[in-house]
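Here is the structure we will look at.
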Amino acid sequence: MTIHQQTPEALLKIENLRKYFYVKLGAFGDKAGVVHALDRISFDIFKGETLSLVGESGCGKSTAGFTILQLHKPTEGKVLYDGADLATLSEKELRAYRRRLQIVFQDPYSTLNPRMTVGDCIAEPVRFHKLAAKKDIPARVDQLLADVGLPARFANRYPHELSGGQRQRVVIARALACEPEFLVCDEAISALDVSIQAQIINLLQDLQEKYGLTYLFIAHDLAVVRHISDRVAVMYLGRFAEIGPKDAVFNAPLHPYTKALLSAVPEPDPVGERTRQRQVLQGDVPSPLNPPSGCHFHTRCPVAMEICRSQVPAWRDVGGGRSVSCHAVPG
Amino acid sequence: MSSMAKAPLLEVKDLAIEVSTRRGPAKVVEHLNFMVKPGEALGVVGESGCGKSITMLGMMGLLPPGARVVDGTATLEGRDLLKLSNRELRKVRGGQVGFVFQDPMTSFNPVMTIGDQLIEPLLYHRAMSKADAWKRAGELMRLVGIPGGEKRLSDYPHQLSGGMRQRVMIAMGLACDPSLLIADEPTTALDVTIQAQILDLVKDLRARLGMAVVWITHDLALVSGLVDRIIVLYAGRIVEEADVDDLYKRPSHPYTIGLLGSLPRLHGPEGRRLASIGGTPPEPGRRPKGCAFAPRCSMKIARCETEEPQLAPLPGSTRHRAACWVAGTVSVEAAA
Amino acid sequence: MAVETLAAPASAADIEKHASLWSDAWHRLLANRLAMVGLAVIVLLILVAIFGPWMTPYDFLSQDLNARNELPNAAHWLGTDELGRDVLARVIYGARTALIVSLIVTAIAVAIGVTLGAIAGYAGGPLDSAIMWLTDMTMSVPNLLLAVVINASLKPPLTAWMDRMYQATLNPIWRNSLIVDFVLVFGAMALVSWPAYCRLVRAQVLSVRSRNYVTAARALGLPTRVILMRYIVPNAIGPLIVAVSAGLGAAMVLESAFSFLGVGVNPPAPSWGNMISDGLRVWRTYPHLLAAPAAVLGIATIAFSFLGDGLNDALNPKGRK
Amino acid sequence: DREAQAAEQVLKIAHGGFDMDWSPMRGGGRPFRWQSLWWASPMRFDSSGAIQPYVVTSWEPSADLTTWTFHLDPKAVFSDGSPITAADIKGSWELAAMPSSKHQRVNQVAANIVGYDEIVAGTAKEMPGLVAKDDKTLVVTLKAADPIFFMRIANHLIPIVKASEARDADGNEVLEWWSPEGGGVTSGPFKITSLDLDAGKIGFAPNENFFGEKPKLSGVEIQVVEDPVAATALLQKGEMQAHTELVTSTIIKDLGKEFSAGPQIPTGQHFWFNVNAAPLNDPKVRQALIMAVDREGLIKASFPDGPHKKTDMVLTAVPGIDDPKYVPFPYDPAAAKKALAESSYGGPERLPKLILAGTTTPAITAAAQFMIEQWRQNLGITAVELKPTIDNFNPADVHIFRDDAGTRVPDAATYLMSSIHSSSGIAKGKMNGYKNPEVDRLLEEAITKPADDPQRVALAQEAQRLFRDDYAFIPWYGETMSRWALPNVKAMDKNLDWQVVAPWAIEIE
Amino acid sequence: MLRYIATRILIWIPSVVVLLLAIYALAFYGAGDPIKLIFLRAPGDVAFDPVRIEAIREQAGLNQPFLVQFANYIWKVLHGNFGNSLLSGRPVWKTVAAAAPISFQIGLLAILLTAIVAIPLGVLAALKQNSRLDYLIVSVSLFLWAIPAYVAGPLLMVLLIAILPGADIPYGWGGIFDPRIVLPLLVLSFQPIALITRQTRAAVIEIMSEDFVRTARAKGVPELVVAFKHIMRPVLTPVVTQLGLIMITLVNGAIFVEYVFGLPGLGRLTVQAILHNDYPIILAVTLIGVTVAMATNLIVDLLYPILDPRAGQGGR
Ligand SMILES: Nc1ncnc2c1ncn2[C@@H]1O[C@H](COP(=O)(O)OP(=O)(O)OP(=O)(O)O)[C@@H](O)[C@H]1O
Ligand SMILES: Nc1ncnc2c1ncn2[C@@H]1O[C@H](COP(=O)(O)OP(=O)(O)OP(=O)(O)O)[C@@H](O)[C@H]1O
Ligand SMILES: [Mg+2]
Ligand SMILES: [Mg+2]
């Protein structure tokens, strides 16, 4: 973990990023619908930090990661990296950047080509980005495997012969093979067992230290987020609720949604749990196909006001590196 | 909780279950002994694949093809479930024992309305007429807190959110006032906020209806506020069993210690490195000699690799048992 | 800083055979008795098709007008036909025809179907709609019409061209009139059988395209060509293999149906189809003339369908057995 | 139940296909085979080849043989009772010549009549050469002398129909005028009473107004049975008693010799050579191909048990086939091999691929396969291809063409005129413009000779011998016109016009 | 829904015109001149007179340029006139109107028979997977699969002629209540039954391993109810799709069965028209074929949401 400087350098600047999906609806697929998956989000990611993105399922976390990496073409907005706006580049031009911005997916079962050996998987980016001489590739693969804590003999195995944790290590090794600067971890540990989860978290932290990586860490488990991140962003239904340094957000959440999230997390403490007063949110996350007007959260918000119904709260900087979007937050 | 004196509701003895693998038959569950008293809530904790689900399915004759019970007894209210005919077993399922499954998406028949699915236990156990059953289903819907109640009965599963589906699933499990509710990771697929709703719901229902609950999970944090007792499974065997407070206060088996240690926490000191357990659990059929956890154990002694430890009470407690040669000599602090 | 390694025991039990998915499927296939029977029959068929004509005591063309329509006997195991030709020799030679037919038809159909299906699935949008429209329309064209038209309009120039090639080279390959029949009649058959493959491949590509490992490959910055060849095609191919193995059998039946309608392989070259259709005219008097080719065709069809089912199970990782 | 059938006297005929057009004005096709059942013709041939009066009872030519006068039977009436007039014959012939009628053989009857060319080209609807002098007298003017014109009309190619019903204002045929709904007026012994073409069923009843002998049958039912094997089974069971045209290789075995017995008719099946395209424009190649085929085997391979008979010449079943000077082609593999070697191709190697067309039935296919095998064994020729269909027929594409040649008159000169004279369809089409001036000259002379002049036959024979020396065909067989009826059906004998000679006499025993 | 149906039909019209154009072109340029064929197909002594043939072609309008002919044709079709058969001169609609109902009735009956026989058999085989009954069902369906209709037809046909007395020859068309229909119906259904049985079996086996089936069992629902209430409906979706495809081929392609059993249906008509290149008929038959295909697909698509309420939810 790096403690960032007073005036940290932004590695990525995301401005007004928007992503809509156009889908077919109706019994015969003859009606059109728009999924507002990402609705004008703006934030910076600083060099060397871990920024976490939390929120409920379907709120657009993955979409954010994918859109930043241009795996989805943004509907609108800029992704500035190294002086270039990735959103305007063609797929060919992007290829060079792809190497530097990598992603580890949620589900280690489906992100490996079942018909390629682990070694091939890892060698592929090395070969295509010419990151090693041809004859050195096997050695490089072994080294990468060692980096993620897998013995070299795993290079000959097929993904289905590995356990979930091992697969996730392979996925990380593959991302590392690109020698990236920036790594999106899209729920990289959610599918894993607790014991394995801890292994991977430790691994990610070690690698960050070793290679000076910057992480966008997407997760829904707040406890994990607290453990790993420098800053935390909370998302609700395609929009950011708040963003700020981890301690600030966890100790003094501003947005009512953040508060509710924190209160819902169970703790391995029977006595505390039995007596704890939770602030349980009522109802479900509304559909992004048809999001509520005004502040998206107003339908479940314990402190909703009249204005929340009609007006989208502004995305405001409230000082201390924190921004929030809520009518009820003063300042 | 004061459930000590009562006779057991469910008592499982020496249960062993075998599955067919590519390398031949393998026992995935063995020497399993536990019991549930009336009204008691039991947590079953363990990593994926350790045999949690298959144990419950095995008792109820719901095993998938390729898996079979090879040994043991499972006595529910005096009757051995494993010896019942299919017809008798059917009476038990959904009647005396309710089920809640993990994935609320796939566990509902997508082409039947939830009402039609919800009334089934009532039709086949209570012999209710369809109209009565429908009425009762409406009540159940309200019981589990579905806004709109019976109005949603004619919806199809896909029209409900995941949380609502899981509520309906719970309603289905409770339809015939079972004395035992088996919940197999009912919140794993849900969001934290929804998970909290469901947890509250079950706690509330238990307080009102007084049924016993077996709650299967891999998340030690989740069950801490919910259950009375916990058994920890590793590779198909119980490695530790204790009252809930005791277990969290004084985890004894290195595996339990490891599990707790690897949980990142929302409160308390941060910035520490997580105490992870290295390695992976053995595959079914490739159980090592001796203690199955030995290859991953940081405290193993020579004996662990040759001789399998039996579940035994820890010094100073009859209700806290562990299967470990070194258990009791280590403490939580040492592990952390 | 040292990264912790998995405490993986290097015991002897762990040194395992590394099975690829394909070899895994192969093992599952080996364990499937019916599929193996099917495979054995097909292998036998292939061997017979290749070497058979040299193993029979009779030439499939030579006639013996004094031994016409003989029932199966010691000299002619399957009897003789109306021109006194050995039925066994003809059935054996017919295996060659049947195999070539099914191979050609399936190859062409698969080539067209896979190309169009892959394009439709990968490109999507208007191109997809256009190709799917073409698919639907093709299925509506009576296939017999296509066969007749192609036969009538393309055969003479093609035959003439082949003969010119022969005259120029004297290479007997150009003399094989069967080739023309195959290319035309079965080209026509292929022209009507590709839509099934096209639909299948499109569906496969659509589903594979949205798999995470394809997105992952894109995220790695791999070129489209590599993604197609190394990620999409190998994973989409399983059901195609199944469809092809079933399609091979179906093509044989289609050939015989065409022969029955008089647009199949021309005599004297034997095909099971024209033998069946000849046999049908006299089956009450000389049942063996129908029974022999029909049984072989039936066995081959069943064999292919056994193999297809077996492959289906074998390639489906969900499938236990 | 044989007795039941005899009591019932209904002739049940199996018909080989769903023919949608039963108009008598087509001059061919399967329906033509039952023409005499319901239509009368001017005259008719009996099974011995002698002309019998029918609607026309007498006739006389002018001295120069260009004008013929025909007298109709005063008793001749249509089934509706109205008299058959000369105008009806005139109208029938004109109707047949109209392009819209698509009559296949109108030329055999009417080509020589003044005005034929115009009507056939679609520019006229009447033939000035046909004049109905009165109701019962027809005068025909020909373009050129024809001593046997009277024979040409003694058939059912153009039967006599009631012209006023059959022709519309433009002279074209009224759609389905012959059907029961269309009026169904016929001239023959039976009349059509029910017609369901889609179901393939036609029913006939005796024409009570028939001017000839009273029919013995109480009815005729035609039912389509496409599959010959099924038809055979039905015949064997006696469910049906006759078939329109049953061609199976097992017919004798299945139904006995009598079923397909019949007279030899002047129609022969042969394999004709395309003499003007490579490689058959080389006479040596033609010789080789012919001499390499054992024609005994050819007939054995195709019709081992009959009913057709092997022939060595073009002509069959006409006066003049007993030509002692005609030398049949020998079967001589050695000579054949030698001829091929002497040809410009030097042997089988460089010989272009041969295409043999017209193999439409199993028997033809068998014969063709036999020849191909003979050429392979005796000459080493391997590149021969069978072409069953003859669509898009382009003479240059085909080298050997199976086709029948023949005539509806028992006359050798006419027979050869329509097969080997350079103006004939076979010479022009199937032999791709075969022309031997000497053959043409002899035939042209022969047809001007009176029918009873021995020169007529002699000239024709000479022409045939010359044709033989051109090595332009492989003779196959002379056709037997089978009864295709069970033995208990009497009087099913047919004539050279492919018709039942005396349909009124048919009787089931 | 009405709008949806209307759109489908509107899209269908230009497709059909293009298809007809393609077929017209195939027939026009490829398959030979129908008038010449009439004469070429006739035995020997025909009057193959070029002048005459040209006159006949002119009268039939066949000497006009291709596009003019096609435009005329479409124009006439739009006015409900499908022209006359080139072979018989009869109006096409009359011929087709006689043949189509027969094919439809037989096709529908065969589909019905298939559904009634094959689906229960498939379910039975799946429920008793790997039992002797399962093997029996699977092998019988394989056997049916392996004998082509044109072999099964003639064999059964003649065998029955040999066995049956008098009146009941299984030959010809007498409506669907005529006992003669039984045999062709059986032969026509053989392969569909084999196909659907196997497909149903596979689908049931797959559905049986779904979570919701376990849920149903966990509720104590009797096995039979599980099979027919919970498993059947999801199974029906792929089966109905397949039945639709079979329906299309049955109506358009029952060539052999119609030939052997003397059924004057569309298949037989098509073959005849094709062999004679009688293109007014070919076009009309194709038109019916596409219409059947479209209607079947439409019906299947309309059935989907009923069979599977999830259809159309979210991205497709
Ligand atoms: N390709 C797509 N087409 C249509 N809608 C999509 C697509 N991808 C995502 N969506 C929709 O966009 C919304 C945001 O999805 P996203 O995957 O970003 O959520 P998430 O926060 O990552 O959720 P989870 O925690 O379940 O992964 C969801 O409603 C989802 O259904
Ligand atoms: N039908 C089967 N055939 C073969 N092996 C099986 C079968 N079902 C389960 N298994 C194996 O049995 C073991 C126990 O499975 P079980 O489903 O009980 O695990 P679990 O503890 O419930 O895991 P999870 O947390 O993933 O649900 C696993 O190793 C699994 O692979
Ligand atoms: Mg996501
Ligand atoms: Mg489980």
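We use all heavy atoms of the structure for the numbers below, so side chains are in, but hydrogens, waters and symmetry mates are not. So that the names make sense, note that chain A is the first sequence line, chain B the second, and so on, each numbered from 1.
Using a 4.5 Å cut-off between heavy atoms, D:E296 makes no contact with chain C at all. Heavy atoms of C:R281 lying under 4.5 Å from chain D belong to its backbone as well as its side chain. Contacts of D:Q374 with chain C are absent, with no heavy-atom separation under 4.5 Å from either backbone or side chain. Only the side chain of C:D59 comes within less than 4.5 Å of a heavy atom in chain D; its backbone stays farther off. C:R164 does not touch chain D: none of its heavy atoms, backbone or side chain, sits under 4.5 Å away. For D:T232, the parts lying under 4.5 angstrom from a heavy atom of chain C are both the backbone and the side chain.
Considering only heavy atoms from C-beta on, D:K253 comes within 4.5 Å of C:Y286 through its side chain. Between C:R85 and D:E373 the shortest side-chain heavy-atom distance does not fall below 4.5 Å.
Your options are D:T248, D:T250, D:I372, and the one with the most heavy-atom pairs under 4.5 Å with chain C is D:T250. Between chain C and the residues D:G297, D:P228, D:P304, the largest count of heavy-atom pairs under 4.5 Å involves D:P304.
Residue D:S249 comes nearest to C:V282 through the heavy atom pair OG-CG1, 3.5 Å, listed as atom of the first residue, atom of the second, then distance. Minimum interatomic distance between C:R284 and D:A233 (heavy atoms only, all atoms of both residues): NH2-CA, 3.6 Å.
The backbone N or O of D:A383 sits nowhere less than 3.5 Å from a side-chain atom of C:Y166 that would complete a donor-acceptor pair.
A donor atom on one side chain and an acceptor atom on the other are found under 3.5 Å apart for D:K300 and C:N66.
Residues satisfying the ring-ring contact (aromatic ring centres under 6.0 Å, His included) test with D:W476, not counting sequence neighbours, are D:F271.
In this structure, C:T285 OG1 and D:I251 CD1 are separated by 11.0 Å, a value rounded to the nearest 0.5 Å.
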